[in-house]
Structure formats: C-alpha cells, structure tokens
Protein chains: 2
Amino acid sequence: MCANDLRIVKTKQALHNALLTLLSEKPLENITIAEICRVAKVNRGTFYLHYEQKEGLFEEYFQEIMEDLYNSYEEPYRAVTTLDKNQLDPNTIRIFHHIERFKMFYRIVFSKNVPLTYYYMLFDGIHALMKRDLTTHYNMHDEISIEYYSAYQANAIIGLIIQWYRQDFEDSVSTLNKQLAAILRIGEK
Amino acid sequence: MCANDLRIVKTKQALHNALLTLLSEKPLENITIAEICRVAKVNRGTFYLHYEQKEGLFEEYFQEIMEDLYNSYEEPYRAVTTLDKNQLDPNTIRIFHHIERFKMFYRIVFSKNVPLTYYYMLFDGIHALMKRDLTTHYNMHDEISIEYYSAYQANAIIGLIIQWYRQDFEDSVSTLNKQLAAILRIGEK
DNA sequence: GATTTTAATGAACACATGTTCAATATCTTA
DNA sequence: TAAGATATTGAACATGTGTTCATTAAAATC
C-alpha cells in the first residue's frame, strides 16, 4: 500500500472528483458509496480498500481546510489591517475569515445528520492554536488546568460559529469580530 | 396515528427495551434497525411507521434526559450546599452533576461517529437556560447580541464537558466546578 | 358486545453495504 | 525492457435499507 503508487493516486483523485461533483447536486447524507464509485468509475471494492465510509473521503478534504486554518495563523497579520488592533488578539479574529472562506464546507460540517468527527477536527484545530497562544502569551494561574481552559475558550468560539451558521452566515465577518471583541471586553472591566 | 393508542405504546416500549438491551452489548453505531426489530419482535415496517432512523429512537431517550436538565434548574439548590456559593452562580454548576448522572448516555452523545443532532440537543438546552439567566440577572450592553453571547457561554461549558469526556469522566464533579469557577474568576479581576 | 377504525404484519421489491477471492491490469525497480 | 509486486476488477454472497400493499389483528367507539 505505497501512498504514491500512481494507481492509488489516480483512484483517490477519481473518488475525490466524484464526491465534489455529487456534493454540488445534493447533501452528503444523500450520497451513497455505490454512487460515488459509479461516477468515479472505480470498483466499489476498491473504495473499501482505501476508506471505510464516505465520511473518510470527505475527511481528506477537511484535512486540507484545516491546513488553511493553521497556515493563516502563521502568516503575518495582513487580513486584519482594517480592524482596530487594540480591541483583540488578531489571532483569534482570523478564525471567522477562515470559516467564511470555506463556508460551503462548514455548512456540511455543522449539519445535524453528519457525524461528530468533523466537529472534533475543527475543535482540535482551534484548541491546539488556543493552547499554543495561552502557554506563550499568558502566564497561567496554577489552579486552572490549561487543558480545560483552552477547551473552554476554543469551544466558546465555535459556539459563536454555530450561531452564525444557524443564520446561514448572514452576518458579516466584521460583525462576528466585533461580537467576540465585545464579549471578551466584558471580562476585562 | 393517535399517540396514546395502546398498540403504539406497546410497540414503542418494545423498541425502547430492545435498544437498551442492545446498547448494553455494543455501541449505537453497530446496532442495525433490523436487529432492534428482531429483538423487539416488531415488524421492520412498523419501525419505519414511527421513526426514520435508529437515531430517532435514541433521540426519544435523550429527550427525557434533557427534561432532567431542565428540571434540575427549577428545583431549589439542594445539590450545591457543599459548594461555596459565593464562587459561582449555582445554576451553572448543576450541569456537571447532570452530565455525571447520565454519563452512560453522554458517552454516546459525544462519540465521534454519532450525528451532530444530540450535540445540538444538549447545546440548545444549555443555551436556553443560559439565555434565560442572562436576560433576567444581568443587564446587557446593547452592542452585544444576546444570542451570540449566550451561544458563546453555552458552548464554552460544553467545551469543558468535551475535555472531561475525553478523559472518560475521570475527574470529579467538584473538580469541574472548581475549574469553571476559576475560569470565570479570571475575567473578573 | 358488535362495529368501525387503524396499527401491525408479512411478503416482495430495488437498491446499498461490507466482504471475499481468483483473475487481470498496472505500476515499480532492478 | 523484463520480472516481480501489488492495486484494481468483477462476480458473488449475506445482510441491511427503505418502501409498497393487501391482509390480519387489535384497539377505540358506539
């Protein structure tokens, strides 16, 4: 099972394309493995050689999107020049840009019939960034577990995103930024 | 489709019992509708008369557990007498007791192959209680949307619960209470 | 208790799932 | 380029899904 065997690359590509095609027609829950294989012209047995469920295929896409989340944290703060930098840690603020950019995907991630896996992928991503920030920028009270605190903060952000998603991302990114900034300011005074 | 027709009551009861029996043997994801019906001695067609998926059946259970969450908020603060009441709003603190009490169920709710539905049921429950509290006890800054703020706070709590779940609920309820109290205290100074 | 209403059943259907296995096609590497 | 390695295929199989429909059984109502 060598990952860069041309046959494997070709097969996976075909399956990826097939999934994308089908996703433009109907939601993930209504897409069957058999259907993906028919479109991809790949034997159904071959699918099971690489994935267990159609969710695993979607997961590979989501992996790439998570890469974008990580990368957007590494690059300089280009995206936030319009924002008052004193209001909030610009790192935090980048999340909403990222969500907005891939909202087509996040509509799937947050739909209620989809497995929790994707939620956890997002949670783990934000959680890791949060933890990194908390350990370097702030000095912690030792009564608070860094794990619990960062889980709290990370999921709080996702709470905003859920609310945002439920209005089909109608509010602007800057509205979300302002809301978060205002919420964080409550604690400070 | 009269809900208190004895035949319907009997059928649903049989399906509920069958699901409980099977859940003690294996995870929800490995249980099939056909299996539930075999154990319940109910025709498979009858299942589809009442539910769409096995998840709908589980949802009925979870509904009852959500009732417990609501009820525990209405009754007087019996459960928190040992806690220093000055530290934190006792309302908030009840959540962890509730989770602990039904941790068998929450192990399912938070498992990664289960649909997001149950997560949202929990989220909506806490969110509603949070919103009620925020509107009555605090006077809000009008720059902050109460919807966003309560979604933020509600999901933050669930963040702690996720972290707790991932250690298989090894920490005690009082540890969780203390962590939350400490986190909330950060904002206040 | 007889009549009416309706839930439950069993059978059948097309299709999806998940797995196996020998045969084949395609890639790697020597 | 030939030889060996291995991914893919097609066929088959048992089982699950979701739906339909006439028949039967068990409730509700009178």
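All of these numbers come straight from a predicted model, not from anything done at the bench. Chain identifiers are assigned alphabetically (A, B, ...) following the order of the sequence lines, protein sequences preceding nucleic acid strands; residue numbering begins at 1 within each chain.
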Is it the case that the side chain of B:D5 and the backbone of B:R7 share a donor-acceptor pair, with hydrogens and angles ignored and the cut-off at 3.5 Å?
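A pair under 3.5 Å: yes.
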Could you check whether any side-chain N or O of B:N43 sits under 3.5 Å from a backbone N or O of B:G45, counting only pairs where one atom can act as donor and the other as acceptor?
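Checking the backbone N and O of B:G45 against the side chain of B:N43, a donor-acceptor pair under 3.5 Å is found.
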Length of the line joining [X]:[atom1] and [N]:[atom2], which is rounded to integer Å:
| X | N | atom1 | atom2 | result |
| --- | --- | --- | --- | --- |
| B:L6 | C:dT5 | CG | C1' | 14 Å |
| A:I8 | D:dT6 | CD1 | P | 11 Å |
| B:D5 | D:dA26 | CG | P | 13 Å |
| B:N4 | D:dA27 | CG | P | 13 Å |

ILVMFWY cluster, [X] and [Y] together (side-chain gap under 4.5 Å):
| X | Y | result |
| --- | --- | --- |
| B:I146 | A:I162 | yes |
| B:L176 | B:I186 | yes |
| A:V9 | A:I36 | no |

Any side-chain donor paired with an acceptor under 3.5 Å for A:N155 and A:Y119?
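Yes - a donor-acceptor pair under 3.5 Å links their side chains.
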Please determine, by modelled atom types, if A:D171 and A:Q167 share a side-chain donor-acceptor pair under 3.5 angstrom.
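Side-chain D/A pair, A:D171 to A:Q167: present.
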For DNA chain D, find the residues of residues 11-33 of chain B with a heavy-atom distance under 4.0 Å and give them by number; none if there aren't any.
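The answer is B:T32, B:I33.
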Looking at A:R7 and C:dT26, is any side-chain donor or acceptor paired with a base atom of the opposite kind under 3.5 Å?
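Under the 3.5 Å cut-off, the side chain and the base do form a donor-acceptor pair.
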Contacts to DNA chain C from residues 47-64 of chain B, heavy-atom cutoff under 4.0 Å, which residues?
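Result for residues 47-64 of chain B: B:L49, B:H50, sorted by number.
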Within residues 36-45 of chain B, which residues have any heavy atom lying less than 4.0 Å from an atom of DNA chain C?
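When residues 36-45 of chain B is checked for heavy atoms under 4.0 Å from DNA chain C, the hits, listed by number, are B:K41, B:V42, B:N43.
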Could you tell me whether the side chain of A:H97 reaches within less than 4.5 Å of the side chain of A:N177, counting heavy atoms only?
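With C-beta onward as the side chain, the pair touches.
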Please report the interatomic distance CD(B:E55) to CG(A:N113), rounded to the nearest 0.5 Å.
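Separation between the atoms: 8.0 Å.
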Decide whether a cation-pi geometry holds between A:R166 and B:Y120; the criteria are a distance under 6.0 Å from NZ or CZ to the six-membered ring centre and an angle within 45° of the ring axis.
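Yes, cation above the ring, under 6.0 Å and within 45°.
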Considering only NZ, NE, NH1 and NH2 on the basic side and carboxylate oxygens on the acidic side, decide whether B:E143 and A:R185 come within less than 4.0 Å.
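Between A:R185 and B:E143 there is a salt bridge, with a charged N closer than 4.0 Å to a carboxylate O.
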